[in-house]
There are 2 protein chains.
Amino acid sequence: MNSPAFRDWQSVQDEVLRRIRTRMWEPGAMIPNEADLAVEFGCARSTVNRALRSLAEAGWLDRRRKAGTRVAAQPIAKATLSIAVIRHEIEERGQKYSYQRVARTLSVPPLDVSAAMRMPAETVMLYIRALHLADDMPYALESRWINLQVVPGAQDEPFQNLSANEWLLRHAPYSDGEIAFSAVNAGEDEAELLACPEGAALFAVDRLTWDGDASVTKVRLLFAPGHQMRTKL
Amino acid sequence: MNSPAFRDWQSVQDEVLRRIRTRMWEPGAMIPNEADLAVEFGCARSTVNRALRSLAEAGWLDRRRKAGTRVAAQPIAKATLSIAVIRHEIEERGQKYSYQRVARTLSVPPLDVSAAMRMPAETVMLYIRALHLADDMPYALESRWINLQVVPGAQDEPFQNLSANEWLLRHAPYSDGEIAFSAVNAGEDEAELLACPEGAALFAVDRLTWDGDASVTKVRLLFAPGHQMRTKL
DNA sequence: CAGATTAATATGTGCATGCATAAAAACATT
DNA sequence: AATGTTTTTATGCATGCACATATTAATCTG
C-alpha cells in the first residue's frame, strides 16, 4: 500500500523502526534502497537518508555503500548514559546538594595511577578526595588526581567548597577522555565515608581525561550502594 | 584569520570542537550563528548545521531556535555503551564462547518482577537461567523471565544451547526498552555459578523490554568480578 | 580461466533555496 | 505597568541536484 504521507524524516524513521520491530523487515535482511523508499514514502531521498542515517547511528541498521542497508542482525543497543555533574544530578531530583572535601594533598600517586596517566612514577600530583551528599546522605565519593604540569592553576585552589569537577570543567582544556564503569567492594575507609558496610557493592565510574598527549586528571567516583544508572533503549 | 578551507562537515565539527576544548569558546558562551560560521568557514550553512547538530547530539552544544547556540555549560558527557550480544562480545576478543543452561522452569516470578513487568502477581512465566563462559571461565550469569502471553513460542524452546537473548532477538517483536546498570553483592548461588567469593561486587545490567503495553522479558546479567564497560568520552 | 580492468550502483555528502517554527524583542493596548 | 500582539531572527528541515566514494558485478585480457 502506498502510505499516505511521510512528510518529515522523523515519521519516516518511526515507520522504518516500526517495520524493524514488528519483524516486517527481519534481522539481517536487506531493506529497499533509499531511492525506492523515497518513492514509497513520497518524499525526497535526502529525507529518507536522514532517517536511515539516524537509525544506523542508533545501531538499528547496518549501512554500506553500494552494498545497501540491512537490518542489524545484532541490534547493538547503544545505551547513552548522561554523565552529568553530580550537583545537577542531585538538584534535578529536588534534593539538597552538599559537598565536603575530605582530603587535599600533594603527593606521588600509586603506580597504577601514574602509569594510567602516562607520567613518571615519581611525579607529584594534587590529590583531592571529596564527598557529594544528597539531602545530607552520602551520595558519591570522589577521588581525584590532578596533573599539575598540565593544570598548574589547580595548585592555588583549595577545593574546599567547589568541587574539582566543576573547577576543571571551567578551567582545564582537554581533547579526549575515557570512561569505564565497574563494580567494586567498599574498602574500610570508603565504607566509613559512604556510611555503608565494608564490602558493600559500589558502582564505580572511572574517568581519565587528556589534553593531547598529556593526562589532565584521573577520577574515580564511588556511588553509595543501590545507585543505578538508567537509560531508554 | 579567515581559515583556509573547511570543505566538509567533519572538518567544521573538528574545528568547532577544538575551539570548545581549548576554551576559545568558553562553557556557557554563545557562539556565532550558523550563517556567520558558514561565511567564516567558506561553506554552506547546511554544512555548518550538520556539524553543529552532531555536536549538540553529543552534548557539546546547547541549541535553541532563535536563542542561538551556546557551548554546553555542563558538558553532559554522553557515554555511549554498546550492549552487544555476549557471544559476540567474547568472540571479538578472540576467546572461546560457551553457553550453559542452568535452569528452565515455568513458575510465578517474585513480586518485584511481576510488578516491574506490569503483570498480575500470579502470572506464570518462563524462567531461564544460564551461564555465559569465555575460555571456559564464567563470564556472565543471565537470569531471565519471559512473558509467555506475549511470546508464546518461547514455551517450545529448550534454550539448551541457544541463548534466550539470541532467540528473542530473532523472534520477539518489541517497541521499547529500559536498561539499568548497578552494582550488587554476589549471593550464595550466584557466587557459586560465577566461581567467585560470596559478597563479591558484581556489575549488573538489568533490561526490560516492551511490545507496546505488554512486557516481553526482564533479564538481569551479572558479570564476573572485574568486569568493566568502557567507552570514549 | 585467473587476474586485472571497467562499469554500474547504493550510500555519503555538499550546496542553494525556500519555508517552518520557536522564542526573543519590539511594539501596541488596556 | 501589566498584558497581549506583532515582528524579527536563528535554528530546523525538506527538496532537487551534483558529485564523491566504496563495492559489487560485469567485462576484458593474457
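Here is how names work: the chains are called A, B, and so on, in the same order as the sequence lines, proteins then strands, and each is numbered from 1.
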In whole Å, what is the span from the [atom1] atom of [X] to the [atom2] atom of [N]?
X: Phe41(A); N: dA14(D); atom1: CZ; atom2: P; answer: 14 Å
X: Arg53(A); N: dG14(C); atom1: CZ; atom2: C1'; answer: 12 Å
X: Gln13(B); N: dG14(C); atom1: CD; atom2: C1'; answer: 16 Å
X: Asp8(B); N: dT21(D); atom1: CG; atom2: C1'; answer: 13 Å
X: Arg70(B); N: dA24(C); atom1: CZ; atom2: P; answer: 11 Å
X: Asp62(B); N: dA10(D); atom1: CG; atom2: P; answer: 18 Å

Protein and nucleotides 9-11 of chain C: nitrogen or oxygen contacts under 3.5 angstrom:
{"unit_1": "dA10(C)", "atom_1": "O4'", "unit_2": "Lys66(A)", "atom_2": "O", "d": "3.3"}
{"unit_1": "dA10(C)", "atom_1": "N3", "unit_2": "Lys66(A)", "atom_2": "N", "d": "3.2"}
{"unit_1": "dT11(C)", "atom_1": "OP1", "unit_2": "Thr69(A)", "atom_2": "OG1", "d": "3.1"}
{"unit_1": "dT11(C)", "atom_1": "OP2", "unit_2": "Glu34(A)", "atom_2": "N", "d": "2.8"}
{"unit_1": "dT11(C)", "atom_1": "O2", "unit_2": "Arg65(A)", "atom_2": "NE", "d": "3.3"}

[Y] and [X] side chains, donor-acceptor separation under 3.5 Å:
X: His132(B); Y: Tyr99(B); answer: no
X: Thr69(A); Y: Arg63(A); answer: yes
X: Ser143(B); Y: Arg220(B); answer: no
X: Ser11(B); Y: Asp8(B); answer: yes

Would you say Gln10(B) places a side-chain N or O within less than 4.0 Å of OP1 or OP2 belonging to dT13(C)?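 So the side-chain polar atoms of Gln10(B) do come within 4.0 Å of the phosphate oxygens OP1 or OP2 of dT13(C), strictly under.
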Less than 4.0 angstrom between a side-chain N/O of Thr47(A) and OP1 or OP2 of dT15(D), yes or no?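 For Thr47(A), the contact criterion (side-chain N or O under 4.0 Å from OP1 or OP2 of dT15(D)) is met.
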So does Arg87(A) pair up with Glu166(A), basic N to acidic O under 4.0 Å?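 The answer is yes: the pair qualifies as a salt bridge.
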Examine Tyr139(B) together with Phe223(B) and report whether their ring centres are nearer than 6.0 Å.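 Yes, the ring of Tyr139(B) comes within the 6.0 Å limit of the ring of Phe223(B), centre to centre.
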